Amino acid sequence: MARYNPKEIEPKWQKRWEEARAFLTSTDRSRPKYYVLEMFPYPSGRIHLGHVRNYSMGDVVARYKRARGFNVLHPMGWDAFGLPAENAAMQTGAHPATWTYSNIEHMRAELKEIGLAIDWSREFATCDVRYYRWQQKLFLDFWRAGLVERRESYVNWDPVDMTVLANEQVIDGKGWRSGAAVERKKLSQWFLKITDKADDLLAALDDGRLMGWPDNVRVMQRNWIGKSKGLRMKFRFAAGTTPPNGSREIEIYTTRPDTLFGASFVAVAPDHPLAQSFADDAKVAAFIADCQKAGTSQEAIDKAEKKGFRLPLDVEHPFIDGKTLPVYIANFILMGYGAGAIFGCPAHDERDHEFAKKYRLDIIPVVLPEGEDPLTFSAAEKPYLGPGALYNSGFLDGLSVDAAVDAAIARIESMGLGASATQYRLRDWGVSRQRFWGCPIPAIHCGKCGVVPVPEGDLPVKLPDVDASVFKTPGNPLDRIPEWRNVPCPECAGPARRETDTFDTFVDSSWYFARFATNPASWDAGPVDREDVDYWLPVDQYIGGVEHAILHLLYARYFSRAMKDAGHLSVEEPFANLFTQGMVTHVTYKDADGKWLFPDEVVLEGGNARRADDGSPVTIGAIEKMSKSKKNVVSPQEIVAKYGADAIRWFILSDSPPERDVEWTDAGAAGAWKLVARIWDTVESAKGLMKAHDLSAPPASADMALRRATHAAIAGVTDDIENFRFNKAIARLYEFLNVLKRVEGADAWTRAEALSALVRLIAPFTPHLAEECWETLGGNGLVCDAPWPTADGALLIRETLNLPVQVNGKRRGEVSIGADADAKAVEAAALGDPDVRRHLEGLTVRKVVVVPGRIVNIVAN
RNA sequence: GCGGGCGUGGCGGAACUGGUAGACGCAACGGACUUAAAAUCCGUCGGCCGAAAGGCCGUGAGGGUUCAAAUCCCUCCGCCCGCACCA
């Protein structure tokens with residue numbers, strides 16, 4: 001018997017697929033469509049096992065759906081703009097484009113080795129002019145449609161990467177890439193008005209449009225959007241107190257207008273115009289500076305004391321004549337949320353309580369918890385946040401919290417002091433980045449005409465050709481290329497300059513799925529082909545890491561809405577079903593000096609580990625996500641070279657449920673390789689068996705036990721793939737294989753049927769092996785074109801059942817009985833079973849529960 | 001702090017959503033083949049008692065509902081993820 005050699009067999013079939021153009025997207029629109037998409041990779045240079053897991057899952061779905069007769073779109077491309085290319089340029093002196101495209105070359109070859117059923121004719125990189133020119137066009141469309149805004153704002157400035165970060169890219173006060181402490185800086189920025197769509201982005205999470213999304217992702221997005229309903233209202237300054245800016249009143253936002261009678265102060269953010277208007281006062285300026293200096297890191301926030309600065313201002317209480325409240329600048333008020341100002345009710349808010357205690361302000365309880373005595377109840381020690389009845393509250397007395405909220409809003413509205421308002425935590429999406437390696441924002445700044453869009457006829461705005469040496473200087477090289485930057489104004493033809501900001505790369509990845517859906521023949525005619533995208537979208541199955549639960553997925557959802565508004569799409573939700581897969585983990589190793597070691601620097605012996613070179617002891621550490629810094633990485637190339645792509649695909653899907661983390665182990669990979677060899681041995685000994693039999697109708701002599709196992713495997717694997725339970729599908733295939741081995745004496749026809757099914761069932765997981773087996777057995781054509789096997793329902797129904805019998809809930813015996821036996825017959829059989837009778841000795845049967853087809857329980861005492 | 005999730009053999013995990021707990025794989029152990037090893041094949045593999053048949057216990061802990069609980073309810077304990085001064 002020839003040993004299975006993946007090194008020869010896998011490239012052979014990859015070549016055959018390519019020659020047969022097996023995975024080109026069909027234009028046949030008579031069949032139902034199925035669009036499978038995995039989040040496209042950033043071309044960092046190498047494929048890692050996380051990619052392999054992601055793309056293997058998508059490939060199983062794609063191949064399975066093809067076999068089920070769907071017209072499948074399964075594309076691949078590159079999220080190719082971004083900082084690492086510029087960092088590489090700085091370090092190695094290679095131009096970002098050179099670096100990026102050479103990485104793509106390399107990674108494409110690596111992906112092809114995995115044997116993915118991808119239509120490579122639709123491949124593109126987001127840094128291709130052919131792609132990003134249409135992104136510029138989309139932006140101009142959005143601009144025209146009023147979805148774009150340019151405004152001055154404080155931005156999160158990453159001093160190491162020298163760029164602006166979105167709020168979402170600031171993690172614990174640090175830049176998500178550089179890890180540097182983020183600073184605040186005021187800049188003119190381009191914004192996409194995602195908050196205009198906040199309501200619909202939120203509504204779709206719950207109204208059934210995203211039923212195919214995991215709950216946790218929907219929850220995360222809901223929290224991120226952070227809708228709250230409340231009241232925007234004004235407090236008038238008390239007579240004799242006026243701020244330097246001359247304003248008469250201050251606007252605040254609250255979700256607890258019911259607690260207005262418990263108000264004891266008003267506070268504004270350090271950035272608030274009111275606070276800023278006192279900036280000439282050295283003490284105020286010092287306080288504000290102090291607030292801004294305080295880090296935004298997690299630790300800083302946790303430790304930060306509530307601090308306030310008492311302004312020489314008071315406001316009138318809206319409901320209580322003659323009562324005034326002091327006004328503070330407070331460090332815990334955020335300018336970016338609500339009105340950047342609040343009223344404080346210390347009795348019913350944690351932060352206000354802390355603040356009031358520090359500055360000895362009144363703590364007036366106005367909500368009485370049920371069962372408390374109004375005369376003795378106090379919130380002096382800690383604020384009360386729960387429900388109750390209003391008291392100490394004039395016209396609100398006796399109302400519930402909810403009713404009081406409404407009543408207070410109504411009163412403020414009738415007084416002309418404010419109106420109910422909805423607030424979102426979500427901010428508009430700042431898309432400007434001060435980087436070279438991104439899509440240029442198509443705008444021109446003219447001293448006379450202001451900010452002017454680049455005329456569509458002048459698109460694309462291409463990145464200039466630059467020498468790689470320009471990246472040695474920090475900052476944005478686009479600022480330093482006058483011949484690119486200086487252009488005539490498109491409106492007045494006077495001297496003007498180009499926008500030198502480029503788009504956040506999340507813009508690039510917000511519409512790539514629509515581009516893939518467009519036939520490449522139409523790629524130069526527009527961003528998308530309307531007919532194509534209307535046919536293919538939404539993506540039927542999107543697969544990727546949960547780390548994109550908020551940013552990428554929210555932006556893409558927004559972009560679909562914007563594209564719909566601009567007339568490019570018909571769907572607002574781009575991804576009908578989302579699957580978030582777990583990470584690939586591996587044990588970590590450290591040597592005696594505490595240095596991380598690569599797995600291949602370590603030798604394992606029993607439960608111990610030593611260094612491969614000098615034999616010194618190694619500590620086996622935690623199982624963690626594979627990362628370069630911890631060196632617990634295994635390269636897919638090595639595994640492919642050792643065991644082949646099929647084994648790697650099989651193992652990475654077999655060991656854990658796909659949504660959970662999977663631990664990569666050498667033993668597991670070796671086990672998968674054994675499985676490949678085992679299937680091959682089984683098939684090779686049955687060479688030509690399929691060709692020798694007409695499988696359309698079973699002969700009378702067919703082995704029923706094997707036929708049942710075959711059809712149970714078909715039904716089970718089908719169900720498991722449909723439900724993304726790849727680990728269970730694989731377990732069933734092992735079971736089936738075990739049966740196949742046990743019944744080696746079965747007749748040839750039934751064995752042919754079994755193997756024909758087996759090979760098609762493994763094809764989505766181990767496609768090369770499946771092709772080789774299919775050919776060996778004498779199947780027609782390629783197995784990737786073969787129809788999915790169908791289970792014969794009649795063979796799934798057992799004629800006789802083995803029913804367990806319990807006595808008082810404990811299993812005591814088993815009866816074999818016809819599947820059609822009625823409850824009486826089952827009961828009689830159960831009571832007649834010798835094992836059962838033994839356990840019933842001396843007892844009186846009180847009740848017999850028969851669960852049809854499942855179990856019998858006899859209650860006796 | 002708020003929100004979400006999870007706890008099952010030595011390990012990854014099954015258990016048809018209340019019906020035989022531990023499928024399948026990995027590891028381990030025993031055996032066959034071999035000069036030997038690798039590979040392969042056969043077998044054992046939750047704990048305790050027992051020679052065996054069999055019995056008792058067992059799904060983080062404790063309680064409850066039910067003929068029947070890993071699954072539902074309550075109270076704890078532990079772990080993971082997301083958000084976090086959002087008024």
Side-chain angles (χ1 to χ4, degrees), chain A residues 3 172 214-224 226-228 230-231 252-257 259 267 269 296 298 300-302 304-306 330-334 336-345 348-352 354-355 385 423-427 546-547 549-550 606-607 623 650-651 654-657 659-663 665-672 674-675 677-678 681 716 719 725 727-738 741 802-814 835 838 846-860:
Chain A
R3 202 172 148 82
D172 288 353
D215 289 345
N216 64 332
V217 174
R218 297 211 318 261
V219 167
M220 280 190 244
Q221 293 217 347
R222 191 178 310 129
N223 293 341
W224 192 261
K227 181 176 185 169
S228 71
L231 168 70
I252 63 98
Y253 177 73
T254 181
T255 55
R256 292 296 302 272
T259 64
T296 42
Q298 189 52 54
I301 288 168
D302 284 346
E305 231 187 311
K306 303 276 174 287
N331 64 343
F332 64 96
I333 311 298
L334 307 172
Y337 186 80
I342 59 143
F343 81 80
C345 175
H348 303 291
D349 182 278
E350 300 258 10
R351 295 151 302 179
D352 298 350
E354 194 186 328
F355 191 79
L385 309 175
Q423 273 301 319
Y424 297 95
R425 190 183 164 283
L426 182 72
R427 313 291 158 77
V546 73
E547 66 273 20
I550 298 172
I623 295 160
W650 181 268
F651 175 64
S654 71
D655 226 32
S656 293
E659 69 278 8
R660 254 188 256 179
D661 291 353
V662 64
E663 188 196 348
T665 61
D666 283 345
K674 278 200 298 203
L675 178 276
R678 202 174 132 194
D681 289 349
D719 188 52
R725 293 186 298 231
N727 57 323
K728 282 181 65 185
I730 285 174
R732 280 186 210 279
L733 287 166
Y734 272 111
E735 268 178 295
F736 183 32
L737 214 53
N738 290 341
K741 170 153 243 156
N802 293 327
L803 286 188
V805 182
Q806 295 180 329
V807 175
N808 290 330
K810 283 186 179 150
R811 186 178 184 281
R812 296 301 185 190
E814 193 173 82
D835 287 329
R838 199 158 51 79
R846 300 291 172 194
K847 190 174 167 188
V848 179
V849 181
V850 177
V851 183
R854 284 248 167 270
I855 203 166
V856 181
N857 190 13
I858 299 164
V859 186

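Numbers restart at 1 for each chain; the letters A, B, ... are given by sequence-line order, proteins then strands. What you see is a predicted model, and the numbers here were worked out from it, not measured in a lab.
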Would one find a side-chain N or O of Arg854(A) under 4.0 angstrom from OP1 or OP2 of C16(B)? no
Test: Asp681(A) and Arg678(A) ion pair at under 4.0 Å: no
Should C16(B) form a Watson-Crick or G-U wobble pair with both distances under 3.5 Å, which nucleotide is its partner? none
Would you classify Thr254(A) as touching base, sugar-phosphate or nothing, given that sugar-phosphate means primed atoms plus P, OP1 and OP2, and contacts are heavy atoms under 4.0 Å? sugar-phosphate
A61(B) and G78(B), which share atom name C1', separated by this distance in whole Å: 10 Å
OP1 or OP2 of G25(B) under 4.0 Å from side-chain N/O of Asn738(A): yes
Do any N or O atoms of the protein come closer than 3.5 Å to N or O atoms of nucleotides 52-56 of chain B, and which pairs are they?
residue, atom, partner, partner atom, Å
G55(B), OP1, Arg812(A), NH1, 3.4
G55(B), OP1, His839(A), NE2, 3.0
C56(B), OP1, Arg812(A), NH2, 3.0
C56(B), OP2, Arg812(A), NH1, 3.2

Closest to side chain of Ala667(A), choosing from C26(B), G82(B), G13(B): C26(B)
Which nucleotide wins on minimum distance to the side chain of Tyr734(A), given the candidates C83(B), C24(B), A87(B)? C24(B)
Please report the closest heavy-atom contact between Tyr253(A) and Ile342(A), naming both atoms and the distance. O-CG2, 4.2 Å
Arg725(A)/Asp719(A) ion pair, N-O < 4.0 Å: yes
Expressed in whole Å, how much space separates the C1' atoms belonging to C79(B) and C29(B)? 32 Å
Whole angstrom is fine here: how far is it from CH2 in Trp224(A) over to P in C83(B)? 6 Å
Please state the P separation for the pair U75(B) and C2(B) - nearest whole angstrom. 15 Å
How far, in whole Å, is G58(B) from C48(B) if one measures between their C1' atoms? 10 Å
Could you tell me how far G60(B) sits from A68(B) if I compare only their C1' atoms? Round to whole Å. 23 Å
Mind checking the P distance from A15(B) to U8(B)? Whole angstroms is fine. 15 Å
Could you give the distance separating G1(B) and A70(B) at their C1' atoms, to the nearest angstrom? 31 Å
If the P atom of G7(B) is compared with that of A14(B), how far apart are they to the nearest Å? 9 Å
